[in-house]
Number of protein chains: 2
Amino acid sequence: MPQPGPRTGPLAEPGTTTREAIRSAATRLFQEQGYARTTVRRIAAAAGADPALVIRYFKSKELLFLETMHLTIDDEPLLGVPLEQLGERLVELLVDLDGAARGIFLALVHGSDEQRIQRRLRDTHEQVLIAPLRRRLSGPDADLRARLAAALAAGMLYALWVAQDETLLRTDRPALVAHYGALLQRVLTPPV
Amino acid sequence: MPQPGPRTGPLAEPGTTTREAIRSAATRLFQEQGYARTTVRRIAAAAGADPALVIRYFKSKELLFLETMHLTIDDEPLLGVPLEQLGERLVELLVDLDGAARGIFLALVHGSDEQRIQRRLRDTHEQVLIAPLRRRLSGPDADLRARLAAALAAGMLYALWVAQDETLLRTDRPALVAHYGALLQRVLTPPV
DNA sequence: CGCGGGCGTCAACATTGTTGACCGAACTTC
DNA sequence: GAAGTTCGGTCAACAATGTTGACGCCCGCG
């Protein structure tokens, strides 16, 4: 809300309100429309600010994107889970991700023809999928198995959200969790 | 190449040479740089033609993209394979895909924030992964299992090419094929 | 000879990300 | 209190993008 009249104070808040308005508008638009389809001018309009100010604050559209699009999940619900149920629980957790996480994931995937966004996607893959799994595994090829399991888990997100397999999207949640969770479990705790 | 001098005939070939030049230049550039990073003007320059002519021939950049970016694989090497080895052979086939197939896949994934490109990606997923697997399966949930297997297979391509898990990229091919193929096999021929 | 149609070029348009100049108000310093 | 510095903000402009319409050329057909 940058009213042209005289401001009441030099700094309404330490965070400089309009900067925060730009950031939240960008967060919403990038999630909903992705990187390419979101224009700096629309972000500015949504925040009630000037397009030039957006760049002035965040250096570039890409840096604004990187600053707002962070994808993390609570691995807390995974901590107490016994190893034999980890696969099913992880799939359950991924399928239940909210629209925000889905939007960020898709924005990262779609935008990852840009090098820095691709690096962010790689880091996210590492931190969100590989790392939590690897912590629970042991043995000589623990790292490889964590990475294979992460690929498997990502495959489901890909099928549901990127390729949009409509049959899988219509499959009821418990069946999907049971089937795919069993597969994932196979990598985590392979039979002797 | 379209020398400005007088042309030898009205139609040098039925395919109108420069149209083909544009198509092949677009194919190469889209594969190498993706949808967003390739500009119509660069396609035109690479084909030695005028940017306006590119649009005149192909209606729009997006339609040109859709006309050139078709991803198919030879499922011939899968036809004779016994069902018990199908998983491993499919993984082998996917890992060995050439740079062209990789480029098209990535271009489709990155460009799929556009609706029509997303539909092309969905169709490709269906025709390249789901359909060949489903043909080999039987039973009540054959369709679901084929789709789960396709998600699994796509997960490996995602991990290797989109997320670019460097450890997996450095893992030697036979180990990758053996590990991931065994997982895939688990969906195709589940134990009683 | 005329002329219609396909191939190609040129100039222009709106929209994109980004930059630099400018402005006003507030805080600091003399 | 006056001068200056800094910060939040606006405006106009730039180059590059996809796309369109007007124009030109040259062939083969009447």
Side-chain angles (χ1 to χ4, degrees), chain A residues 1-23 25-26 29-30 33-68 110-111 113-117, chain B residues 1-23 25-26 29-30 33-68 110-111 113-117:
Chain A
M1 328 308 185
Q3 51 231 10
R7 297 196 54 79
T8 58
L11 297 179
E13 302 199 15
T16 323
T17 311
T18 75
R19 187 190 174 107
E20 218 53 39
I22 292 174
R23 196 201 310 269
L29 288 175
F30 279 141
Q33 326 223 31
Y35 180 69
R37 301 180 63 88
T38 316
T39 76
V40 172
R41 282 173 168 85
R42 268 210 281 271
I43 294 174
D50 192 279
L53 200 58
V54 176
I55 299 297
R56 229 164 168 63
Y57 276 145
F58 298 93
K59 304 298 183 186
S60 76
K61 176 187 175 184
E62 193 184 8
L63 289 180
L64 173 56
F65 180 85
L66 289 174
E67 183 161 334
T68 51
H110 291 149
D113 50 349
E114 223 78 25
Q115 281 194 7
R116 280 178 280 193
I117 298 181
Chain B
M1 319 335 182
Q3 50 231 8
R7 300 193 56 78
T8 59
L11 300 179
E13 302 198 15
T16 324
T17 313
T18 73
R19 187 191 173 107
E20 218 53 39
I22 292 174
R23 195 201 311 271
L29 289 175
F30 279 140
Q33 327 223 30
Y35 180 69
R37 299 180 65 87
T38 31
T39 75
V40 172
R41 283 173 167 85
R42 267 209 281 271
I43 294 174
D50 192 279
L53 200 58
V54 175
I55 300 297
R56 256 210 156 20
Y57 275 145
F58 299 92
K59 305 298 183 188
S60 75
K61 177 188 176 184
E62 193 185 9
L63 288 180
L64 173 57
F65 179 85
L66 288 173
E67 183 161 332
T68 50
H110 291 149
D113 50 350
E114 222 77 26
Q115 281 194 7
R116 280 179 281 195
I117 299 181

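Chain letters run A, B, ... following the sequence lines, proteins first, then strands; residues in each count from 1.
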ask   = Expressed in angstrom and rounded to an integer, what is the separation of A:Ile43 atom CD1 from C:dT16 atom P?
value = 11 Å

ask   = Roughly how far apart are A:Glu67 CD and A:Ile22 CD1, rounded to 0.5 Å?
value = 11.0 Å

message = When you measure from the centre of the six-membered ring of B:Phe58, is the NZ or CZ of B:Arg23 closer than 6.0 Å and no more than 45° off the axis?
response = no

task = Return the value, rounded to whole Å, for the distance between atom CD1 of B:Ile55 and atom P of C:dG8.
result = 15 Å

request  = Applying side-chain contact (heavy atoms from CB on, under 4.5 Å), run through A:Leu64 and A:Val40 and close with a yes or a no.
outcome  = CA-CA 10 Å; A:Leu64 173 56; A:Val40 172; over 6 Å; no

task = Quickly work out the A:Arg42 CZ to C:dT18 P distance and round it to whole Å.
result = 16 Å

ask   = Between B:Asp50 (CG) and D:dT17 (P), how many Å, whole number?
value = 14 Å

key: Out of C:dT9, D:dT19, D:dA13, whichever nucleotide has its closest atom nearest the side chain of A:Arg41   = D:dA13

ask   = Counting just side-chain N and O atoms, does A:Thr18 come under 4.0 Å of either OP1 or OP2 of D:dG9?
value = yes

task = Figure out the OH/P separation between A:Tyr57 and D:dT6, and round it to whole Å.
result = 17 Å

remark   = Of C:dT18, C:dG8, D:dT20, the nucleotide closest to the side chain of A:Lys61 is C:dT18

task = Identify whether NZ of Lys or CZ of Arg in B:Lys61 sits under 6.0 Å from the centre of the six-membered ring of B:Phe30 and within 45° of that ring's axis.
result = no

inquiry  = Please pick, from C:dC10, C:dG17, D:dT19, the nucleotide with the shortest atom-to-atom distance to any side-chain atom of B:Ala52.
reply    = C:dC10

message = From CD of B:Glu114 over to P of D:dG18, roughly how many Å is that when rounded to an integer?
response = 12 Å

message = Using whole Å, what does the distance between atom C1' of nucleotide C:dG17 and atom CZ of A:Arg37 come to?
response = 18 Å

message = Please report the distance, rounded to the nearest Å, between CZ in A:Phe58 and C1' in C:dG17.
response = 16 Å

remark   = Of B:Arg56 and A:Leu53, the one whose nearest nucleotide on DNA chain D sits closer to the 5' end is A:Leu53

